[in-house]
Amino acid sequence: MKKFFITGVMGFVGFHWANNLLKNGHKIIGIDTNITPTKLLENKNFEFVNESILENKSKLSELIGKSDYVLHLASIAEPDRYLSHPKTVIDISAFASIEIIKLCIKHKKKIFFTSTSEIYGKNLKIPFSENDDRHLGPTSIKRWCYSSSKALIEHYLEACSFQDNLEFRVVRLFNIYGPNLKNRVISRFIENALLNKDLEINNGGNQTRCFTYIDDAIDAFNLIIESDRCKNQIFNVGNTSEISIKDLANKIVQISNSKSKIKSKSYLEQFGNSYEDIERRVPSVKKLKDFMGWEAKIDLDEGLRRTIDYCKSN
Ligand SMILES: NC(=O)c1ccc[n+]([C@@H]2O[C@H](COP(=O)([O-])OP(=O)(O)OC[C@H]3O[C@@H](n4cnc5c(N)ncnc54)[C@H](O)[C@@H]3O)[C@@H](O)[C@H]2O)c1
């Protein structure tokens, strides 16, 4: 039994992973600015602190000090907010993360950090492997503040393991989805499909992504945190099956038996003139397969059915 400190525990990934870790007999201390009514709060092995990781450093220090392992998930992870709140993205994903890493060094705790497939930016080399280049647009394009903040933290973790003996693990996540996801492409499409409202795609919807069901991601996380081989390593975590956003929209309409129409908006209409997109995003998961034998098991049709069924019953 371990005691995990989870930042962003009320978020989509945090909530699912916390439930899974509790089921596996662990204890959790969770922190989040958000509080949602959930059975987690009634679990005697779950302690919740409703605060920001940007404030109250002495409380953070105390919580990290009394845990065995830090799972640092808190972030602004909703793409719309990279554009509307870029400073907050940088404050949380970069500056608050640095403080948390310093506290892990002080208390000699291991840290697990959720990075992102956005790290690779517009690189045209498909699939993306962990040591591939990062091709980003200019700093005037707000979107890249998220990728750059996460990359700064990856650099900082590498540097602290080198200079301060910090033990870390990083995962770069490729579009994780499932029940309770909010404000991402899959959750928006499903909500609209169930209400027979239009599904909006951008610029024709030919951009491709690889969607990874939450249970597969959690299996990967558990293998990574438990294994000494994964110490100080960075892993892509994603399903390798690629689909265009247009095809995703059609699939969701079909699986949910919806009457929704699919409408396209130009980037200019949707985001104004300060936007760039990533045309294709596909992970190589060879590294995690070689290290731990992991690859995603739940295909998109099955994952969507589970997510849609959950949305219907809630
Ligand atoms: N879901 C994905 O597809 C995906 C893809 C790439 C990376 N990630 C990363 O995985 C992590 C979890 O993502 P998610 O999908 O669960 O996002 P989420 O938005 O559902 O959860 C993030 C949580 O962090 C909390 N948070 C934000 N600022 C905070 C603060 N100052 N103090 C305390 N809590 C704060 C939010 O309230 C939220 O509950 C994030 O680091 C994200 O960048 C997720």
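Source: prediction; values computed, not measured. The first residue of the sequence shown is numbered 1, and numbering continues consecutively from there. Indexing begins at 1, ligand by ligand and atom by atom, following the structure's order.
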Do any side-chain atoms of residues 47-55 form donor-acceptor pairs under 3.5 angstrom with protein atoms, and if so which ones, sequence neighbours left out?
residue: Glu47; atom: OE2; partner: Lys66; partner atom: NZ; Å: 3.3
residue: Asn50; atom: ND2; partner: Asp32; partner atom: O; Å: 2.9
residue: Asn50; atom: ND2; partner: Thr33; partner atom: O; Å: 3.1
residue: Glu51; atom: OE1; partner: Asn56; partner atom: ND2; Å: 3.2
residue: Ser52; atom: OG; partner: Leu54; partner atom: N; Å: 2.9

Could you tell me, atom by atom, which parts of ligand 1 come under 4.0 Å of a heavy atom of Glu51? 32 (N), 33 (C)
If you measure from each heavy atom of Ser115 to ligand 1, is any distance below 4.0 Å? yes
State, without any angle test, whether Ser97 and His72 hold a side-chain donor-acceptor pair at a distance under 3.5 Å. yes
Charged N-O contact under 4.0 Å between Glu154 and Arg172: yes
Working note: Asp133 + Tyr120, criterion side chain to side chain donor-acceptor pair (under 3.5 Å); need CA distance, chi angles, decisive distance, verdict. CA-CA 7 Å; Asp133 291 343; Tyr120 301 102; over 6 Å; no
Who's the nearest protein heavy-atom neighbour of atom 37 (O) of ligand 1, and how far? Asp32 OD1, 2.6 Å
Atom indices of ligand 1 within 4.0 angstrom of Asn175 heavy atoms, with elements: 3 (O)
Taking 4.0 angstrom as the limit, do Glu167 and Arg169 come out as a salt bridge? yes
Can you list the atoms of ligand 1 that are under 4.0 Å from a heavy atom of Lys150? 40 (C), 41 (O), 42 (C), 43 (O)
For ligand 1, note which part of Tyr146 has a heavy atom under 4.0 Å away: side chain, backbone, both or neither. side chain
Short list, please: which atoms of ligand 1 are under 4.0 Å from a heavy atom of Gly8? 23 (C), 24 (O), 25 (C)
Salt-bridge present (Glu295, Lys289; N to O < 4.0 Å): yes
May I ask you to list the atoms of ligand 1 that are less than 4.0 angstrom from any heavy atom of Asn34? 37 (O)
Provide, to 0.1 Å, the distance between atom 21 (O) of ligand 1 and the closest protein heavy atom, together with that atom's residue and name. Gly11 CA, 3.3 Å
Would you check whether Phe113 reaches within less than 4.0 Å of ligand 1, judged by its heavy atoms? no
Which of the atoms in ligand 1, numbered in the order shown and given with their element, are less than 4.0 Å from a heavy-atom of Arg184? 1 (N), 2 (C), 14 (P), 15 (O), 17 (O), 18 (P), 19 (O), 20 (O)
Whether Arg280 and Glu242 form a salt bridge (side-chain N of Lys/Arg under 4.0 Å from carboxylate O of Asp/Glu) is what I want to check. yes
Any salt bridge linking Arg229 with Asp290? Criterion: basic side-chain nitrogen under 4.0 Å from a carboxylate oxygen. no
What residue and heavy atom of the protein are closest to atom 27 (C) of ligand 1, and at what distance? Ser75 O, 3.5 Å
Can you tell me which residue and heavy atom of the protein come closest to atom 40 (C) of ligand 1, and the distance to 0.1 Å? Leu73 O, 3.0 Å
Note the single closest protein heavy atom to atom 44 (C) of ligand 1, along with its residue, its atom name and the distance in Å. Leu173 CD1, 3.8 Å
